[in-house]
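Everything numeric here is computed off the predicted structure, so don't read it as measured data. In what follows, every heavy atom counts, from backbone to side chain, and hydrogens, waters and symmetry copies are set aside. Letters A, B, ... are given to chains in the order of the sequence lines, protein chains preceding strands, and every chain is numbered from 1.
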Amino acid sequence: MSVSSVRGVAMTPEQQLETLTRGAVDVVSREELLEKLRRGKPLRIKYGADPSAPDLHLGHSVPLWRLRRFQDLGHTIVFIIGDFTGRIGDPSGRSRTRPMLSEEEVRANAATYAAQVGKILDISRCEIVYNSQWFSEMAADGLLRLAARYTVARMLERDDFAKRMGAEAPVAIVELLYPLIQAYDSVMVRADVEVGGTDQLFNMLVGRDIMRAYDMEPQVVMTWPLLVGTDGHEKMSKSLGNYIGVTDPPGEMFGKLMSIPDALLPQYLELLVEMPAEEIAQLQQDMAAGAVNPRDIKDEMARRIVALYHGEEAAQQASEEFRRVFSQRELPSDMPEIAVSAGDLVSGKIWLVRLTTVAGFAPSNSEARRLIRQGAVSINDQIITDENAEVEVRTGDVLRVGKRRFGRITVKPGD
RNA sequence: GGAGGGGUGCCCGAGCGGUCAAAGGGAGCGGACUGUAAAUCCGCCGGCGUACGCCUACGCAGGUUCGAAUCCUGCCCCCUCCA
């Protein structure tokens with residue numbers, strides 16, 4: 001068997017280089033990568049995972065799909081679960097200390113993580129290692145020896161340290177250590193290549209220096225752009241709430257993809273469905289000229305992306321459902337049930353504010369009142385704006401709040 | 001160790017004894033317009049069952065005062081400069 005074949009088609013090292021680096025922002029360096037490929041042995045490709053946030057989103061998927069190319073070419077993906085750092089608790093983010101994770105939590109998160117990564121990579125062919133394996137045994141002298149290999153000045157060059165210092169925001173000592181920790185991982189797994197988002201460039205480059213300091217051949221570093229989130233401005237991240245999770249149900253994934261600003265389309269087409277640059281350029285022209293409706297491009301793209309994670313059929317359904325609910329303003333075919341206890345009804349009626357909060361469509365009565373006053377709440381398409389309204393409900397009635405919150409009421413016998 | 005600056009709502013930021021649930025901006029939410037796009041416009045934006053009422057809130061804990069985000073004391077935390 002050949003290490004350099006895709007579906008049986010042999011590739012020369014030069015062709016591999018071409019495939020593997022397509023769309024990359026940084027490759028440090030192409031020459032070194034080519035050299036490694038020429039040796040004809042499977043390369044070890046490192047990818048670091050944070051065990052505190054096991055929710056994979058499309059932003060993560062960008063480097064992961066590139067790892068998939070490596071895997072298809074017979075190379076070995078090495079996943080490092082950063083449980084050591086996760087257990088210490090990273091005080092960065094300046095507002096609150098991240099919670100420390102117990103060993104069980106880390107394991108559970110890692111398992112979730114692996115399951116999600118499995119949607120993109122063949123996980124059975126990946127090596128999964130925990131960095132606590134070596135760090136929990138490293139004594140203070142080992143850490144000091146590692147720290148001695150790097151200088152403060154070089155560490156402070158890092159963009160976000162510089163920015164935070166400038167903004168008078170705190171930078172904890174351990175944060176300076178993080179790049180070293182990550183770099184040492186590269187030493188321990190004997191990485192040939194490390195890939196990540198452009199925000200990881202600095203850390204990964206430190207990896208090269210540290211590997212040299214430990215007399216190893218430095219890893220090749222490759223970065224891909226950070227995907228911008230659904231808000232159209234910030235990078236996709238869970239904490240900003242602008243993310244599309246790979247485990248989002250088809251309908252939700254589809255809807256989120258449809259709601260991205262048009263300006264994001266070229267980037268999404270390139271990074272998520274790997275549309276060739278010429279095609280993207282052509283589409284942009286057509287859109288500018290009004291020859292195609294961006295909505296249709298989005299629909300096509302959303303279908304392709306949903307299909308990657310949920311299959312063709314689910315993708316097709318999501319598209320049709322979307323059209324039905326949002327274009328034609330019909331009711332969704334599937335709505336969550338709102339259970340109302342008969343005991344909550346007074347002669348068949350319930351306070352609308354209460355109904356809204358019970359349904360989970362508003363976090364507080366005050367919020368529910370606001371929504372009602374603003375005309376966002378309807379029952380069976382009847383908008384009700386009286387916040388004091390007592391409404392009659394029967395099983396089967398549909399409560400709607402805003403554009404996208406729907407529920408079908410079920411009256412349960414109760415005390 | 002010394003000197004100085006600062007901690008306000010999800011974020012930024014004004015307020016510096018009453019008229020403060022706290023200006024302004026951002027984010028978010030709702031409505032209009034649409035393609036669940038962008039832009040724009042209007043409205044909302046701590047909680048409490050129906051309330052010119054009550055509770056919670058301006059780092060934490062006390063105090064002064066009829067009354068404190070605003071003054072005083074102690075503590076915690078951040079930043080800058082010097083050592």
Between [Y] and [X], is the closest basic N to carboxylate O distance under 4.0 Å?
{"X": "A:Arg323", "Y": "A:Glu320", "answer": "no"}
{"X": "A:Asp122", "Y": "A:Arg68", "answer": "no"}
{"X": "A:Arg369", "Y": "A:Glu367", "answer": "no"}

Checking only heavy atoms, does the side chain of [X] share a donor-acceptor pair with the base of [N] at less than 3.5 Å?
{"X": "A:Glu390", "N": "B:G49", "value": "yes"}
{"X": "A:Asp262", "N": "B:G35", "value": "yes"}
{"X": "A:Gln374", "N": "B:G43", "value": "yes"}

For [X], report the nucleic acid contact type (base, sugar-phosphate, nothing); a contact means any heavy atom under 4.0 Å.
{"X": "A:Pro294", "result": "base"}
{"X": "A:Gly402", "result": "sugar-phosphate"}
{"X": "A:Arg323", "result": "nothing"}
{"X": "A:Asn365", "result": "sugar-phosphate"}
{"X": "A:Leu264", "result": "nothing"}
{"X": "A:Arg370", "result": "sugar-phosphate"}
{"X": "A:Lys298", "result": "base"}

Expressed in angstrom and rounded to an integer, what is the separation of [X] atom [atom1] from [N] atom [atom2]?
{"X": "A:Asp296", "N": "B:A37", "atom1": "CG", "atom2": "C1'", "value": "13 Å"}
{"X": "A:Ile384", "N": "B:G31", "atom1": "CD1", "atom2": "P", "value": "15 Å"}
{"X": "A:Arg400", "N": "B:G30", "atom1": "CZ", "atom2": "P", "value": "11 Å"}
{"X": "A:Met258", "N": "B:U34", "atom1": "CE", "atom2": "C1'", "value": "12 Å"}
{"X": "A:Gln267", "N": "B:A37", "atom1": "CD", "atom2": "P", "value": "19 Å"}
{"X": "A:Lys403", "N": "B:G35", "atom1": "NZ", "atom2": "C1'", "value": "11 Å"}
{"X": "A:Asn293", "N": "B:U34", "atom1": "CG", "atom2": "C1'", "value": "11 Å"}
{"X": "A:Glu387", "N": "B:U50", "atom1": "CD", "atom2": "C1'", "value": "8 Å"}

Under 4.0 Å from OP1 or OP2 of [N]: is there any side-chain N or O of [X] that close?
{"X": "A:Ser364", "N": "B:G47", "value": "yes"}
{"X": "A:Arg405", "N": "B:C29", "value": "no"}
{"X": "A:Arg369", "N": "B:A51", "value": "no"}
{"X": "A:Ser327", "N": "B:G35", "value": "no"}

Parallel under 30°, tilted from 30 to 60°, perpendicular over 60°: which one fits the rings of A:Tyr184 and A:Phe135? tilted
Please verify the inter-ring angle class for A:His75 with A:Phe70; under 30° counts as parallel, over 60° as perpendicular, anything in between as tilted. perpendicular
Which nucleotide, in any strand shown, forms a Watson-Crick or G-U wobble pair with [N], with both distances under 3.5 Å?
{"N": "B:C71", "answer": "B:G63"}
{"N": "B:A38", "answer": "none"}
{"N": "B:U80", "answer": "B:A3"}
{"N": "B:U19", "answer": "none"}
{"N": "B:A57", "answer": "none"}
{"N": "B:G24", "answer": "B:C12"}

Using the [atom1] atom as the point on both nucleotides, what is the distance between [M] and [N], in whole Å?
{"N": "B:G13", "M": "B:A83", "atom1": "C1'", "value": "35 Å"}
{"N": "B:G59", "M": "B:C76", "atom1": "C1'", "value": "8 Å"}
{"N": "B:A69", "M": "B:G4", "atom1": "P", "value": "28 Å"}
{"N": "B:C44", "M": "B:G26", "atom1": "C1'", "value": "16 Å"}
{"N": "B:A57", "M": "B:A68", "atom1": "C1'", "value": "14 Å"}
{"N": "B:C81", "M": "B:G62", "atom1": "C1'", "value": "33 Å"}
{"N": "B:C71", "M": "B:A14", "atom1": "P", "value": "16 Å"}
{"N": "B:C58", "M": "B:G7", "atom1": "P", "value": "14 Å"}

Nearest to the [X] side chain among [options], which nucleotide is it?
{"X": "A:Ser366", "options": "B:G47, B:G35, B:G30", "value": "B:G47"}
{"X": "A:Arg354", "options": "B:U36, B:G49, B:A38", "value": "B:G49"}
{"X": "A:Asn388", "options": "B:U50, B:U34, B:G30", "value": "B:U50"}
{"X": "A:Phe322", "options": "B:G49, B:C29, B:U36", "value": "B:U36"}
{"X": "A:Ala376", "options": "B:U50, B:G30, B:G47", "value": "B:G30"}

Does the ring of A:Tyr130 carry A:Arg107 above it, NZ/CZ under 6.0 angstrom from centre and within 45° of its axis? yes
Establish, for the pair A:Arg400 and A:Phe361, whether the NZ or CZ atom is under 6.0 angstrom from the six-membered ring centre and no further than 45 degrees off its axis. no
Go through the steps for A:Arg408 and A:Glu337 under the test salt bridge (Lys or Arg N to Asp or Glu O under 4.0 Å), then give the verdict. CA-CA 5 Å; A:Arg408 195 177 287 282; A:Glu337 174 187 87; over 6 Å; no
For the side chain of A:Asn203 and the backbone of A:Gln182, is there at least one donor-acceptor N/O pair under 3.5 Å apart? no
Most 5' of A:Lys256 and A:Pro363 on RNA chain B, judged by nearest nucleotide: A:Lys256
First of A:Arg404 and A:Val401 reached from the 5' end of RNA chain B, by closest nucleotide: A:Val401
